[in-house]
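Notes follow once the structure below has been shown.
Quick caveat: nothing in here was measured; it's all calculated off a predicted structure.
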Amino acid sequence: MTAELARAGGVLGAAGLAVLIVAPGRLQRLAGLAAWALGALLLAVYLLPKGHRPLLVAAAVVGLALAAGGAALFRRWPWLLPFVTLACVPARFHLTVGSTEANLLVPLYGVVAAAAFLLAWELWRGDTRRRELAIVTWPLAAFVAWVGLSVLWTGDLRQGAIDLLFFYLPFGLLAVSLARLEWRRLWALGLLVEVAALALVFAAIGIYQYETREIFWNPKVEIGNAYAPFYRVNSVFWDPSIYGRFLVVAILVCLVAVLFGRDRRLLIGGTAAIAAIWAGLFFSYSQSSFAALVTGVVIASIFAWGRRGVVIAVVAAVVVAVGALAVPNVRHDLFGNGRGLNSSTGGRGKLVRKGLEIAVHHPAAGVGIGDFKHAYAQLTHLKGREPKAAASHNTPVTVAAETGVPGLLLYGGLLVSGLLLMFRRFARDLPGLTALACGLVFASIGVHSLFYNAFFEDPTIWAALGLAAVAARVPRSAGSRDEPPQPAQLDREVEAERQQDQRVDGAQQDGAGQRNVERLPEHR
């Protein structure tokens with residue numbers, strides 16, 4: 001009975017999120033938000049370990065109370081939401097949910113709950129905004145709805161419930177909440193400073209780990225280092241690849257500031273930050289992270305220098321390829337032992353081939369969300385309840401295997417619409433550069449997900465969609481080719497935005513007073 005309620009909860013929650021994304025009416029969006037919350041509750045009840053349910057329920061009640069307080073803070077200072085979200089992105093904890101282990105962003109779920117409370121309050125009070133995600137609205141809603149529907153036929157309901165409850169449902173609502181923000185250029189600059197500062201701290205920790213040979217959290221990395229010819233670090237993250245991916249995001253955001261900013265202090269500071277962060281990235285030895293970084297740098301160079309950027313990118317690719325082939329180990333892996341690409345990628349080639357076989361065998365609807373591992377184990381005759389060798393490492397292949405051709409087409413539409421949203425707004429003003437930075441992040445994590453299946457599990461992707469939608473709403477003006485504001489202008493802009501906020505608050509109070517006057521009875 002609980003399993004059936006979980007399947008119903010998955011469908012209901014995903015459908016509610018889809019309605020919340022696309023519905024034009026306030027009451028329809030409220031109904032979608034209610035369905036989202038009820039679906040999440042049913043999934044949570046299914047996943048709760050039986051022996052600790054009273055304690056977990058009590059913790060949930062306390063968490064909801066704190067989330068209500070957080071909603072009040074976000075209502076008073078809306079742009080706290082992206083700052084707190086960014087601070088919580090690295091806070092991923094390795095937990096056991098029932099019999100399944102997972103790396104969960106526990107603090108971020110509190111932020112999402114607060115955002116949900118605020119969204120419910122705004123809709124209830126008559127907020128008429130709709131379809132905040134612009135061109136991404138329908139592709140995202142369709143993909144989420146189809147993924148949620150696939151829980152009906154998945155062979156691994158527990159993993160499917162984890163995927164929906166801890167990734168798709170909360171991060172989808174987070175994207176909507178971020179997209180509802182009003183543009184503030186100083187807050188965009190503040191996010192640049194925050195991501196660079198966080199990355200510098202994490203890179204310093206990674207370098208410290210390399211020097212001291214001390215790994216945090218993950219004993220698997222220690223075991224791997226004992227047998228590897230190099231020493232990988234993970235900083236405060238569970239996995240070196242996740243650590244590397246965060247540093248790549250920070251490098252690309254700083255790169256936009258360096259390429260398009262005129263202020264000398266910004267150029268020097270951004271360059272120094274990139275160099276220091278890259279040093280921390282190097283010791284992650286994450287091939288997927290370096291591939292993501294190269295992709296982002298190539299795209300950024302094209303936007304910065306046009307055709308010359310394409311030539312530079314081609315030359316750089318040739319140099320990298322020649323340099324790689326000059327390494328004896330690489331030549332041996334690729335050509336010397338017959339295993340080729342599968343060997344050089346740690347066995348991922350076989351995972352991709354077998355994953356495609358699963359997709360071919362289930363083209364209409366796939367095997368259902370979360371069932372890739374079990375379907376792969378069954379196809380390759382792997383033994384064990386949770387065979388680690390069957391873990392997927394490629395997001396497109398996983399989407400094709402779990403959701404079939406319809407899911408793969410919807411996923412492709414989501415990628416295209418997301419890149420259009422971000423790159424189409426490019427200009428040399430701050431909103432355009434913010435959209436470009438979001439596009440670089442989106443594209444680089446997309447490349448990273450070809451080697452490390454964590455596209456939809458990364459809140460950065462969803463946040464990039466939301467923030468890009470905010471930047472895309474800012475119309476291009478005659479000064480759209482101006483560079484970002486110089487530091488000397490910041491004090492004036494702070495004062496201007498403070499006065500603007502005071503005018504908005506005053507207008508809201510006047511409007512409330514006028515409504516109260518209108519309610520007074522007439523006196524004759």
Classify the angle between the aromatic ring planes of Tyr168 and Trp462 as parallel (below 30°), tilted (30 to 60°) or perpendicular (above 60°).
perpendicular
Keeping Asn394 on the side-chain end and Phe451 on the backbone end, is there a donor-acceptor pair under 3.5 Å?
no
What are the two closest non-hydrogen atoms of Arg425 and Ala471, and how far apart are they?
NE-O, 3.6 Å
Would a 4.5 Å heavy-atom cut-off, applied to side chains only, mark Trp187 and Pro82 as touching?
no
Any donor-acceptor N/O pair, Arg180 side chain to Gly466 backbone, under 3.5 Å
no
Main-chain N/O of Val147 paired to Thr403 side chain as donor or acceptor, under 3.5 Å:
no
What closest approach, in Å, do Pro396 and Leu408 show between heavy atoms, and which atom pair accounts for it?
O-CD1, 3.8 Å
Short question: side chain of Ser235, backbone of Phe202 - any donor-acceptor pair under 3.5 Å?
yes
Name all pairs fulfilling the side-chain hydrogen bond (donor to acceptor under 3.5 Å, both in side chains) condition that reach into residues 20-40, sequence neighbours left out, sorted by first residue then second.
Arg29-Glu132
CG of Leu415 to CG of Leu420, rounded to nearest 0.5 Å, is 11.0 Å
Atom CG of Leu181 and atom CZ of Phe74: how far apart are they, to the nearest 0.5 Å?
10.0 Å
Can you list the steps and then say if Ile461 with Phe171 is a side-chain contact (heavy atoms from CB on, under 4.5 Å)?
CA-CA 9 Å; Ile461 281 293; Phe171 298 161; over 6 Å; no
Pairs touching residues 457-475 that satisfy salt bridge (Lys or Arg N to Asp or Glu O under 4.0 Å), sequence neighbours left out:
Arg245-Asp458
Using side-chain contact (heavy atoms from CB on, under 4.5 Å), reason through Ile242 and Asn234 one step at a time and then give a plain yes or no.
CA-CA 8 Å; Ile242 300 176; Asn234 63 343; over 6 Å; no
Any donor-acceptor N/O pair, Asn218 side chain to Trp238 backbone, under 3.5 Å:
yes
How many angstroms lie between atom CG of Asn453 and atom NE2 of His448, to the nearest 0.5 angstrom?
11.0 Å
Side chain to side chain, Tyr46 and Arg7, heavy atoms closer than 4.5 Å:
no
So Val470 and Leu178, side-chain contact (heavy atoms from CB on, under 4.5 Å) or not? Walk me through it.
CA-CA 8 Å; Val470 175; Leu178 289 171; 5.9 Å; no
Kindly indicate, with the supporting measurements, whether the criterion side-chain contact (heavy atoms from CB on, under 4.5 Å) is fulfilled by Ile21 and Val136.
CA-CA 10 Å; Ile21 294 172; Val136 181; over 6 Å; no
Describe, in one word, how the ring planes of Phe303 and Phe423 are oriented to each other, choosing from parallel (under 30°), tilted (30 to 60°) and perpendicular (over 60°).
tilted
Can you list, pair by pair, the side-chain donor-acceptor contacts under 3.5 Å of residues 114-121, counting residues two or more places apart and other chains?
none

Hey, are the side chains of Val11 and Val151 touching, using non-hydrogen atoms and a 4.5 Å cut-off?
yes
When you compare the side chain of Pro240 with that of Ser286, does any pair of heavy atoms fall below 4.5 Å?
no
Rounded to the nearest 0.5 Å, the CG atom of Leu450 sits from the OG1 atom of Thr395 at a distance of 7.5 Å
List the atom of Leu165, the atom of Ala40, and the distance in Å for their closest heavy-atom pair.
CD1-O, 3.5 Å
With Thr137, which residues qualify under side chain to side chain donor-acceptor pair (under 3.5 Å), at least two apart?
none
Sequence neighbours excluded, every pair satisfying salt bridge (Lys or Arg N to Asp or Glu O under 4.0 Å) that has a member inside residues 399-417
none
Passing option when Val399 is tested against Phe456, Phe455, Phe372 for side-chain contact (heavy atoms from CB on, under 4.5 Å):
Phe456
When you measure from the side chain of Ser284 to the backbone N and O of Gly280, does any donor-acceptor pair fall under 3.5 Å?
no
From CG (Asp371) to OG1 (Thr154), nearest 0.5 Å:
4.0 Å
Checking Tyr411 side chain against Phe143 main chain: does a donor-acceptor pair fall under 3.5 Å?
no
Measuring from atom CD1 of Ile445 to atom OG1 of Thr295, what distance do you get when rounded to the nearest 0.5 angstrom?
12.0 Å
When every non-hydrogen atom of Ala87 is compared with those of Leu198, the smallest separation belongs to CA-CD1, 4.3 Å
Are Thr2 and Leu5 close enough that some pair of their side-chain heavy atoms sits under 4.5 Å apart?
no
Apply the test ring pair (Phe, Tyr, Trp, His ring centres under 6.0 Å) to residues Phe216 and Tyr243: give CA-CA distance (whole Å), side-chain angles for both, the deciding distance (0.1 Å), then the verdict.
CA-CA 12 Å; Phe216 305 153; Tyr243 163 58; over 10 Å; no
Nearest heavy-atom neighbours spanning Trp153 and Gly366
NE1-O, 3.5 Å
Beyond-backbone contact of Ser177 with Leu173, side-chain heavy atoms, under 4.5 angstrom:
yes
If you look only at pairs with a residue in residues 405-419, which of them pass as a salt bridge (Lys or Arg N to Asp or Glu O under 4.0 Å), with sequence neighbours excluded?
none
What orientation do Phe237 and Phe246 show, parallel under 30°, tilted 30 to 60°, or perpendicular over 60°?
tilted
Residues, nucleotides or ligands: over 12 heavy atoms within 6.0 Å of Arg75 CZ:
no
Are the side chain of Trp183 and the backbone N or O of Ala472 linked by a donor-acceptor pair below 3.5 Å?
no
Nearest heavy-atom pair of Leu169 and Ala14: which atoms, and what distance?
CD2-N, 3.7 Å
Hey, is the main chain of Leu123 close enough, under 3.5 Å, to the side chain of Arg129 for a donor-acceptor pair?
no
